Amino acid sequence: MSDKSNVEFSEREALFFHSTGRPGKIEIIASKPMATQRDLSLAYSPGVAVPVRAIAADPATAYDYTAKGNLVAVISNGTAILGLGNLGALASKPVMEGKAVLFKRFADVDSIDIELKTEDVDRFIDAVELMEPTFGGINLEDIKAPECFIIEQTLKERMNIPVFHDDQHGTAIIAAAGVINAALLTGRDMKDMKVVVNGAGAASISCTELIKALGVPNDNVIMCDSKGVIYQGRTEGMNQWKSAHAVKTDARTLTQAVKGADVFLGLSVAGAMSQEMVKSMAPNPIIFAMANPDPEILPPDAHAVRPDVIVATGRSDFPNQVNNVLGFPFIFRGALDVRATGINEAMKLAAAHAIAELAREQVPEEVAKAYGRSHSFGPDYIIPAPFDPRLMEVVPAAVAQAAMETGVAQKPIEDMAAYRQSLKARLNPTTSVLTSAYEIAKANPKRVVFAEAEEEVVLRAAIQFRELGYGIPVLVGRDDVMEKLKALGVRDPESFELHNSVNSPLVPDMVDLLYARLQRRGYLRRDCERMVNRDRHIFGTLLVKMGVADAMITGTTRPYGQTLREVKRVMDSAPGRTPFGIHVMVAKDKTVFLADTTVHERPSATELADIAEGTVAVARRMGHDPRVAFLSYSNFGNPPGAFLDNVRDAVKLLDERAVDFEYEGEMTPDAALNPTVMKSYPFSRLSGPANVLVMPGLQSANISAKLLRELGGTTMIGPLLVGMEKSVQIATMSSNASELLTLAVLAAGGVAL
Ligand SMILES: NC(=O)C1=CN([C@@H]2O[C@H](COP(=O)(O)OP(=O)(O)OC[C@H]3O[C@@H](n4cnc5c(N)ncnc54)[C@H](OP(=O)(O)O)[C@@H]3O)[C@@H](O)[C@H]2O)C=CC1
Ligand SMILES: CC(=O)C(=O)O
Ligand SMILES: [Mg+2]
């Protein structure tokens with residue numbers, strides 16, 4: 001049982017996250033080149049007239065010529081924002097932007113948030129209906145009951161694209177999957193289960209309908225709202241949707257209803273359930289406290305009174321997250337891919353069963369690693385975690401299949417196996433692997449030196465590193481760092497570990513250590529004293545060398561080469577390794593590892609071969625199947641040149657070493673990356689485009705990485721310094737806090753070694 005919330009952050013952190021860089025969480029990028037006059041002529045007038053006429057002649061071609069088929073609107077009026085209540089359309093925007101980015105992150109569905117300033121049902125319906133031409137699907141969100149039922153039902157009748165109220169059906173699907181598994185674990189049969197549902201709004205009504213569809217008898221479910229039990233004959237605060245679930249019972253309060261119940265489904269408000277209520281439930285009770293952001297009862301409070309309880313919440317920071325994020329991205333993915341006209345009951349049930357089955361399957365190692373702990377089906381793992389990459393393969397396929405079987409698929413999938421493969425390929429593994437690096441760091445928090453703690457950007461990264469639970473920052477700086485922490489809003493700056501060479505008791509041992517290393521390299525003892533006292537990179541690296549910390553991050557105050565020289569005075573290479581640098585370039589659907597981008601100016605053949613092997617190891621740790629290209633201006637000797645031998649010899653060296661990955665060279669970047677150009681070299685040993693690019697020299701390597709970043713379209717991770725005895729990461733001087741945080745986490749998580 002794990003009761004600890006594993007993510008903590010302050011309100012300041014949440015506001016900083018939303019305001020930093022471009023405010024909000026969304027931007028729109030063009031999917032076609034917009035560089036030349038010709039591009040513009042095609043994209044806009046006059047070229048655009050051609051698809052306009054085509055769509056006018058045949059509306060179905062809108063799916064071929066526009067983004068409609070992969071575009072979902074997340075629409076709210078803010079009348080039931082999470083469990084925060086009716087705070088209005090504008091205040092709902094952060095949640096709706098959040099839902100839109102989750103669509104993209106988890107299922108590669110493009111999505112935009114739309115907040116409508118009206119509580120008038122008819123105006124809302126008209127506004128959404130008018131938007132049908134724009135979207136492939138409509139995801140309604142955080143609209144309160146009972147208006148949400150009328151809105152969804154009417155829109156479904158009037159529109160010919162999927163309309164789905166996430167709080168109703170998304171929630172119901174996930175809760176149903178969890179109930180199926182919790183029932184299995186506790187040996188319960190649906191037909192015998194006694195269920196209490198707290199809340200009688202959008203989410204509750206739909207969850208209740210779905211669990212009844214799974215076999216829980218109508219009379220076994222008691223629903224409560226803010227006025228207590230919904231019993232037959234009650235008149236106060238009723239509506240037709242509540243009446244449908246009114247039962248004959250003497251219970252009038254939640255306390256009375258929950259006595260002896262097997263299952264509690266909370267879709268109401270924070271703190272609605274007390275420990276006394278938990279105590280009164282049946283043996284091995286099942287509690288889904290799903291109110292967001294604060295549940296009806298916190299897991300530790302439930303476990304404290306009933307060790308036999310299975311608890312789930314809507315939050316990502318406790319085990320068993322029952323949240324519609326597990327559903328809506330994947331459900332729409334499947335529905336869009338078959339161009340479904342709607343999302344029907346069969347599709348919902350298919351999703352619920354697919355999610356439930358996934359939790360019962362053996363968890364693959366990469367998923368376990370991603371969460372930093374092993375998951376196996378049990379009370380703390382009744383439902384897969386949202387970052388489980390298998391969801392993307394399994395749920396859309398199940399939904400698409402159900403759509404085809406129930407006749408709502410306008411474009412049925414012919415080859416389901418190929419479709420499942422294509423689903424997997426939609427997600428860039430680097431995104432999941434970065435997630436996994438964060439989780440690994442969290443599971444085994446390490447001590448990381450932030451050597452330039454006087455810099456605000458470094459302090460921000462260190463604060464986040466600690467607040468998000470990735471490890472313990474060990475700060476190096478003068479005593480005024482404490483004031484700076486306070487100025488950044490840290491209430492307890494003294495709880496940070498600060499090392500200052502002016503008063504550190506470690507200095508004499510550091511000087512001894514450094515002098516022992518450098519005395520035969522022309523340094524006097526007083527030189528070493530000066531270095532330890534004055535150079536934060538030397539001082540910081542010594543903290544790692546002496547085992548005070550596990551890793552270090554530095555580099556924002558001094559050029560890379562200079563910092564590396566200082567680090568190397570203290571730290572050796574790992575045995576048999578060549579230290580070198582990797583820039584990881586993450587594009588939309590591709591990640592490329594460039595090396596050596598920081599150390600060797602003119603690498604020898606042996607160094608090139610070592611760099612290839614070292615980069616392959618990092619690429620594998622980041623979830624990629626490596627294919628190495630040794631790059632050049634020449635393809636297999638054409639044109640000939642004076643500086644090609646090292647590259648060719650490196651290829652031969654890998655032949656001799658009989659390595660277990662694909663490699664080829666020398667070759668130009670287009671022959672390495674472009675499948676059409678690759679066809680000109682049918683003898684190439686690469687089975688697909690390369691993803692590890694070993695550069696012939698530092699100039700081309702470093703220039704390429706920075707060019708790619710400046711030209712846009714890629715996110716750069718790094719440079720990663722690999723091959724040192726312990727992980728020391730030297731950032732670029734222009735790094736921002738989030739880049740420093742990523743480097744610190746990769747250093748702590750052992751990815752960059
Ligand atoms: N984990 C998840 O995935 C999801 C969680 N939720 C959560 O469920 C909750 C409800 O959302 P939603 O259905 O959209 O909102 P609605 O506004 O449609 O419904 C809210 C319901 O809660 C009831 N309620 C309010 N206070 C209490 C109380 N003290 N005791 C019992 N019932 C109470 C209301 O009663 P009345 O009818 O008398 O006003 C109403 O029936 C929110 O906390 C939300 O965050 C929602 C969707 C997904
Ligand atoms: C998760 C969600 O949609 C809600 O709490 O409203
Ligand atoms: Mg919601």
Side-chain angles (χ1 to χ4, degrees), residues 448-453 455 457-458 461 474 476 501 510 513-514 517-518 521-523 527-528 530-532 534-546 549-584 593-604 606-608 610-611 614-615 617-618 694-695 697-706 709 716-735 739-740 742-744 746-748 751-753:
V448 175
V449 172
F450 288 75
E452 299 158 315
E455 303 303 311
V457 69
V458 174
V474 176
V476 173
S501 62
M510 288 179 165
L513 197 157
L514 193 62
R517 287 176 64 83
L518 299 183
R521 285 195 238 163
Y523 290 87
D527 297 327
C528 294
R530 206 171 27 244
M531 280 192 258
V532 170
R534 297 212 188 136
D535 192 309
R536 60 188 101 184
H537 304 103
I538 298 259
F539 183 85
T541 316
L542 277 162
L543 286 173
V544 180
K545 180 85 178 174
M546 291 166 67
D550 304 293
M552 177 167 96
I553 169 103
T554 189
T556 62
T557 57
R558 206 181 278 180
Y560 190 95
Q562 221 175 320
T563 311
L564 182 59
R565 271 197 299 282
E566 305 305 341
V567 166
K568 280 177 151 179
R569 287 191 217 282
V570 179
M571 186 80 78
D572 296 314
S573 317
R577 298 282 304 277
T578 308
F580 68 94
I582 302 175
H583 276 77
V584 187
F593 297 79
L594 287 184
D596 166 12
T597 48
T598 56
V599 180
H600 297 88
E601 193 163 358
R602 293 199 66 80
S604 66
T606 307
E607 284 165 342
L608 284 172
D610 291 348
I611 289 163
T615 313
V618 173
V694 178
M695 309 296 277
L698 192 53
Q699 294 218 29
S700 49
N702 197 278
I703 291 170
S704 305
K706 290 189 175 156
R709 176 160 90 158
M716 188 181 92
I717 301 171
L720 305 177
L721 178 60
V722 299
M724 299 296 287
E725 60 176 304
K726 288 190 177 166
S727 193
V728 171
Q729 296 305 323
I730 304 174
T732 52
M733 290 175 71
S734 58
S735 301
E739 288 163 342
L740 292 174
T742 302
L743 267 188
L746 291 176
V751 174
L753 275 178

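Please read all numbers here as calculations on a predicted model, not as lab measurements.
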Quick one: closest heavy-atom pair of [X] and [Y], and the distance?
| X | Y | value |
| --- | --- | --- |
| Met733 | Pro559 | SD-N, 3.5 Å |
| Ala549 | Val474 | CB-CG2, 4.3 Å |
| Tyr560 | Pro719 | CE1-CG, 3.7 Å |
| Pro579 | Gly723 | CG-O, 3.8 Å |
| Val457 | Ser735 | CG2-O, 3.7 Å |
| Met695 | Ser700 | CE-O, 3.6 Å |

Tell me every residue that passes salt bridge (Lys or Arg N to Asp or Glu O under 4.0 Å) with [X], counting only those two or more places apart in sequence or in another chain.
| X | answer |
| --- | --- |
| Glu455 | none |
| Glu725 | Lys545 |
| Arg602 | none |
| Arg577 | none |

Under the side-chain hydrogen bond (donor to acceptor under 3.5 Å, both in side chains) test, which residues partner [X], sequence neighbours left out?
| X | result |
| --- | --- |
| Arg569 | Tyr523, Glu566 |
| Thr557 | Glu452 |
| Thr742 | Tyr438 |

Check: Are more than 12 heavy atoms from other residues, nucleotides or ligands located less than 6.0 Å from atom CZ of Arg521?
Finding: yes

Rounded to the nearest 0.5 Å, what's the gap from [atom1] on [X] to [atom2] on [Y]? Could you check?
| X | Y | atom1 | atom2 | answer |
| --- | --- | --- | --- | --- |
| Thr541 | Met531 | OG1 | CE | 12.0 Å |
| Leu543 | Arg536 | CG | CZ | 13.5 Å |
| Arg558 | Thr563 | CZ | OG1 | 6.0 Å |
| Ile538 | Ser501 | CD1 | OG | 11.5 Å |
| Asp596 | Asp610 | CG | CG | 11.0 Å |
| Ile730 | Leu564 | CD1 | CG | 4.5 Å |

Heavy-atom side-chain contact between [X] and [Y] under 4.5 Å:
| X | Y | answer |
| --- | --- | --- |
| Val544 | Met571 | yes |
| Leu720 | Leu743 | yes |
| Met552 | Val476 | no |
| Asp527 | Leu518 | no |
| Thr598 | His583 | yes |

Taking only residues two or more places apart in sequence, or in another chain, which ones meet [X] in a side-chain contact (heavy atoms from CB on, under 4.5 Å)?
| X | answer |
| --- | --- |
| Lys706 | Asn702 |
| Arg565 | Gln562 |
| Ala595 | Phe580, Ile582, Ile611, Thr615 |
| Ser604 | Thr606, Glu607 |

Note to self: Using modelled atom types and a 3.5 Å cut-off, is there a donor and acceptor pairing between side-chain atoms of Gln699 and backbone atoms of Glu601?
What the structure shows: no

Notebook entry, point to check: Hey, is the main chain of Gly581 close enough, under 3.5 Å, to the side chain of Thr597 for a donor-acceptor pair?
Noted result: yes

Notebook entry, point to check: Looking at Ile553, Thr732, Thr554, which hits side chain to side chain contact (heavy atoms under 4.5 Å, CB included) with Leu740?
Noted result: Ile553

Margin query: Applying ring-ring contact (aromatic ring centres under 6.0 Å, His included), can you list everything that pairs with Phe450, at least two apart in sequence or on another chain?
Written below: Phe465

